[in-house]
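Only one structure is covered here, and it is reproduced in the block below.
Residue numbering restarts at 1 for every chain, and letters A, B, ... go by the order of the sequence lines. Computed from a predicted structure; not experimentally measured.
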Amino acid sequence: MPEGPSLVILREQAARFVGQEIVRAEGNTWTIDPARLRGQRLLALRTWGKHLLLQVPGMTVRIHFLLFGTWRIDERRDKPARLSLGFADGGDIHFYACSVKEIDGDVDAGYDWAADVMADAWDPARARKTLRMAPAMLACDALLDQDIFAGVGNIIKNEVLFRTRIHPLSAVGALPPAKLRALVHEARAYSFDFLAWKKANVLKQHWLAHAQATCPRCRIPLHKAILGRTKRRSFWCERCQKHYA
DNA sequence: TGGAATGTTGGAAC
DNA sequence: CGTTCCAACATTCC
């Protein structure tokens, strides 16, 4: 469950642990020593794109779920946890099949919060400017670029391109200003729709292009291919998504 | 049951 | 030395 909106849900689900002492810490992670977290107070729980940041005094741990990672709160799966944290109130959180890393130094210095499509600090003008500086970049690659659209994943990519009627192989430099603006705007707008639909457990039924066979506008078959430098699945309509080149 | 999938990284190759 | 490419990793579902 790794796109940005899902991380927001996780952050909200785990918010009650902030301020509590970590009384148990274990797991099969090899990148940090879980024992270092024991006895520490969880100072903050933040997200940046697809990253979850756990801050305790003198240490920040970054969790990334990649493609297969999952978590559970107040329950366990029948699988070894990469990292498990137990809190003073008796609750616990378990992370599975994820990447665990310690972040060196100041978190605020290392992350550009303006790039996170879910963040209050999201700055669409910054995204547009970055895109204008890379005119040859394909639209399908641009949306997956975490330095520009942190939190956007393959589902959001396909839905944003469909909504904005932009062909995935369009060069961003060929987009008229209004289209570029729409692309950036929808990257955030769709991400918040994703968040609401995911919370309501109705995300998939709202997919218009991703993993779909037919264009809901034209009723013709959608195209499906592995596209771009990112080599990810794209679903698009040749009739209603314009190829800017 | 083999293949595909909401993703990133490290190191090889150029 | 910088940029690009690809194998590797990890898990579940159909």
Taken to the nearest whole Å, CE/A/M118 to C1'/B/dT6 is 14 Å

B/dG3 to C/dA8 separation - P atoms, rounded to the nearest Å
16 Å

Who passes ring-ring contact (aromatic ring centres under 6.0 Å, His included) against A/H185, sequence neighbours left out?
none

For B/dT6, take OP1 and OP2 only and decide whether either is under 4.0 Å from a side-chain N or O of A/K50.
no

In whole angstrom, what separates A/D145's CG from C/dT4's P?
12 Å

OP1 or OP2 of B/dG7 sitting under 4.0 Å from any side-chain N/O of A/Q146?
no

Can you tell me, in whole Å, how much space there is between the P of C/dA7 and that of B/dA4?
15 Å

Applying side chain to side chain donor-acceptor pair (under 3.5 Å), can you list everything that pairs with A/N28, at least two apart in sequence or on another chain?
A/R82

Which residues pass the side chain to side chain donor-acceptor pair (under 3.5 Å) test with A/H51, sequence neighbours left out?
A/Y111

Going by side chain to side chain donor-acceptor pair (under 3.5 Å), name the residues that satisfy it together with A/S191, two or more places apart in sequence or in a different chain.
none

Among pairs that include at least one residue of residues 135-168 of chain A, which meet ring-ring contact (aromatic ring centres under 6.0 Å, His included), considering only residues two or more places apart or in two chains?
A/H167-A/W236, A/H167-A/H243

Looking at residues at least two apart in the chain, or sitting in another chain, which of them share a side chain to side chain contact (heavy atoms under 4.5 Å, CB included) with A/K231?
A/I226

Evaluate the side-chain contact (heavy atoms from CB on, under 4.5 Å) criterion for residues A/K242 and A/S170: first the C-alpha distance (whole Å), next the side-chain angles of each, then the deciding distance (0.1 Å), finally the verdict.
CA-CA 8 Å; A/K242 183 170 175 182; A/S170 299; over 6 Å; no

Sequence neighbours excluded - salt bridge (Lys or Arg N to Asp or Glu O under 4.0 Å) pairs with any residue from residues 37-62 of chain A
A/R46-A/D108

Under 6.0 Å from the NZ atom of A/K179, do we count more than 12 heavy atoms belonging to anything else shown?
yes

Could you check which residues of residues 220-232 of chain A get a heavy atom under 4.0 Å from DNA chain C? Sort them by number, please.
A/R229, A/K231

Within a 6.0 Å radius of atom CZ on A/R24, are there more than 12 heavy atoms belonging to other residues, nucleotides or ligands?
yes

Looking only at side-chain N and O atoms, does A/Q205 offer a donor or acceptor that is under 3.5 Å from a partner on A/W197?
no

Does the protein touch nucleotides 9-14 of chain B at the base, only the backbone, or not at all? Give it as B, S and - per nucleotide, heavy atoms under 4.0 Å.
SS----

Members of residues 149-164 of chain A that approach DNA chain B, where some heavy atom sits under 4.0 Å away
A/G153, A/N154, A/I155

Between C1' on B/dA5 and CG on A/L144, what's the gap in Å once rounded to a whole number?
14 Å

Atom pair distance, as rounded to whole Å: CD in A/Q212 and P in B/dT6
12 Å

Report the distance from atom CZ of A/F235 to atom P of B/dA4, rounded to the nearest whole Å.
12 Å

Shorter than 3.5 Å, N or O on both sides, protein versus nucleotides 10-14 of chain C: list them out with atom names.
residue, atom, partner, partner atom, Å
C/dT12, OP1, A/R77, NH1, 2.6
C/dT12, OP1, A/R77, NH2, 2.4
C/dT12, OP2, A/K79, NZ, 3.2

Counting only heavy atoms not in A/R181 (residues, nucleotides, ligands), do more than 12 fall under 6.0 Å from its CZ?
no

Cation-pi check for A/Y190 against A/R163: NZ or CZ below 6.0 Å from the six-membered ring centre and within 45 degrees of the axis, yes or no?
no

Looking only at the aromatic ring of each residue, does the gap between the centers of A/W71 and A/F65 stay below 6.0 angstrom?
yes

Treating Ile, Leu, Val, Met, Phe, Trp and Tyr as nodes and any side-chain heavy-atom pair under 4.5 angstrom as an edge, say whether A/V61 and A/L52 lie in one connected cluster.
yes

From CG of A/D141 across to P of B/dG7 the rounded distance in Å is 13 Å

Test log, rule side-chain contact (heavy atoms from CB on, under 4.5 Å), inputs A/I103 and A/K101:
CA-CA 6 Å; A/I103 305 273; A/K101 278 189 180 172; 5.7 Å; no

Intra- and inter-strand pairs of DNA chain C in dot-bracket (Watson-Crick or G-U wobble, both distances under 3.5 Å; | for another strand):
.||||||||.||||

